[in-house]
Number of protein chains: 2
Amino acid sequence: MATRTRRSQRRTEALSRAGIVEAAVELLDGAGEGGLTFRALAERLATGPGAIYWHVANKGELLDAATDAVVAAALAVEPAESPGSPRDEIRVVALGLFDAIEEHPWLAAQLSTHLSRSPWGSVTPRIFESVGRQVPALGVPQDGWFTTTSALVHYILGAAGQNAANSASAGALGAGVGRTEFLDSVAKAWEALDPDEYPFTRAVADQLRDHDDREQFLAGIDLVLAGVTAHPPSGD
Amino acid sequence: MATRTRRSQRRTEALSRAGIVEAAVELLDGAGEGGLTFRALAERLATGPGAIYWHVANKGELLDAATDAVVAAALAVEPAESPGSPRDEIRVVALGLFDAIEEHPWLAAQLSTHLSRSPWGSVTPRIFESVGRQVPALGVPQDGWFTTTSALVHYILGAAGQNAANSASAGALGAGVGRTEFLDSVAKAWEALDPDEYPFTRAVADQLRDHDDREQFLAGIDLVLAGVTAHPPSGD
DNA sequence: ACCTGAACACCGTTCAAGT
DNA sequence: ACCTGAACACCGTTCAAGT
């Protein structure tokens, strides 16, 4: 919902926090974390740098707000759909975050650093709730809920962040360079490592070259879920 | 090995890349990522900002070098010790990284962003090798090695990063505020969430309050390992 | 109440000049 | 070969002044 509020031709209809955050996300998407500047933001909003400070305390708060907006959108799935099994629901939430990070690569750093810089903020509970809601139905005893959910969230954020960085690298290599060429160049580098120090890494270079990000990501989720089923954690 | 090279009383004995990186780590440890400045670094090394550029291409390369130095130290365990089971070895490696991130909180953001910004660099293979080396002995078929190791590394980086942020938050709250007070304040915030939207998060607020970081971290590792044992991944 | 825009302190990086 | 330090372009943030 809400796709209007398109900035019209020339002057804006008054500044708003929501509009500022929206413009900030666009700048971040377009030019990465370095692209978000109060001056660039002001120009895009046809105002002066100082004006933004009336709606937002500082750059940190702006980044937090941008993060929250994007995460909220990613987790806003239809509530009364066909429910699906708990595992499927967790996969849906995880993939939602995975896709959001792929679409907004700056999210990865934001989630891993600033997210828990203020866990009382809205982002952490949002993610925690979406994942954890499914955990009781997995057969985990109540005193293992926190541990289980934490493990899932940690894996999701770690893996999604890693993949975002990979995508960003591929793009940064050059305009025409795709994931395939990028992975191939990394695999070549791995194969050139010292055989005495890096036997394992060399041995899996081919698997790196051929892997699919999403498949890999889901396989990891399944791994954690398999562990939950095999040995449900309890808080002893 | 090598704990000398202490900068003596006044002038330095010529600049070196290693000395610059060492000073950079100290600045990062002392004041976070914002504390690393070419001017501050130059002052600490009793030189001018320009001098550093003769040994280091730019700030990004400096951060990468600092990251690599710290990670290499963390993974440099005694090679010919009592070998231990593969699970124990993985726990040792994981805890080594966990501790390193706790000691150098700036590492978390570095690992999640810049690490894979250049996976051909030395940091990724180092971590990958240390963890993956134990995977074959876990009974995973060869075509599942990459998937398994990736899942473990992703969990480790995600969880360690999260915990680093928690520690940093506790410290930032105030000089005298410890982890206990910090966790308590977050738990209180969770308990104050909307019961309709956040039933699960509210239900585990107590478990958040009482949890131990390292215990939790290891429980997550065991969860992934249990999944590996229960359903060894294969690359189909 | 909300916006403007100059000003301040600071930063990464460059580079002519020194030794 | 290696270091110095002034200079450039840029940034977050503040704030007196406007409407």
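Quick note on labels: first sequence line is chain A, next is B, and so on, each numbered from 1. This is a predicted model, so every value here is computed, not measured.
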Side chain of Arg39(B) (C-beta onward), nearest among dA1(D), dG12(C), dC2(C): dG12(C)

Validation row: Val71(A), Leu111(A) side chains within 4.5 angstrom (heavy atoms): yes

Quick test of your reading of the model: are Glu191(B) and Arg209(B) salt-bridged, counting only N-O distances below 4.0 Å? yes

Quick note, Phe38(B) side chain, CB onward, closest among dC3(C), dT13(D), dT13(C) is dT13(C)

Go nucleotide by nucleotide along DNA chain D from the 5' end; which of Ile52(B) and Lys59(A) gets its closest nucleotide reached first? Ile52(B)

If you check the Pro49(A) side chain, which of dT13(C), dG12(D), dG5(C) turns out closest? dG5(C)

Would Leu208(A) and Phe146(B) satisfy side chain to side chain contact (heavy atoms under 4.5 Å, CB included), going step by step from the backbone distance to the final call? CA-CA 7 Å; Leu208(A) 163 70; Phe146(B) 181 74; 3.7 Å; yes

For DNA chain D, what is the dot-bracket line, given that a base pair needs Watson-Crick (N1 to N3, plus N6-O4 or O6-N4) or G-U wobble (N1-O2 and O6-N3) geometry with both distances under 3.5 Å, and | means paired with another strand? ||.|||||...|||||.||

How would you label the contact of Leu41(B) with the nucleic acid (heavy atoms, under 4.0 Å): base, sugar-phosphate, or nothing? nothing

Is any NZ, NE, NH1 or NH2 atom of the basic residue among Arg17(A) and Glu61(A) found under 4.0 Å from an Asp or Glu carboxylate oxygen of the other? yes

Testing dC3(C), dC2(C), dG12(D) for proximity to the side chain of Thr37(A), the answer is dG12(D)

Thinking salt bridges, do Arg44(A) and Glu26(A) make one under a 4.0 Å N-O criterion? yes

Within a strict 4.5 Å, meaning less than it, do heavy atoms of the Phe98(B) and Arg214(B) side chains meet? yes

Picking from dC3(C), dC3(D), dT13(D), the nucleotide nearest the side-chain atoms of Ala51(B) would be dC3(D)

Could you check how far CD of Glu43(A) sits from P of dC10(D), rounded to whole Å? 12 Å

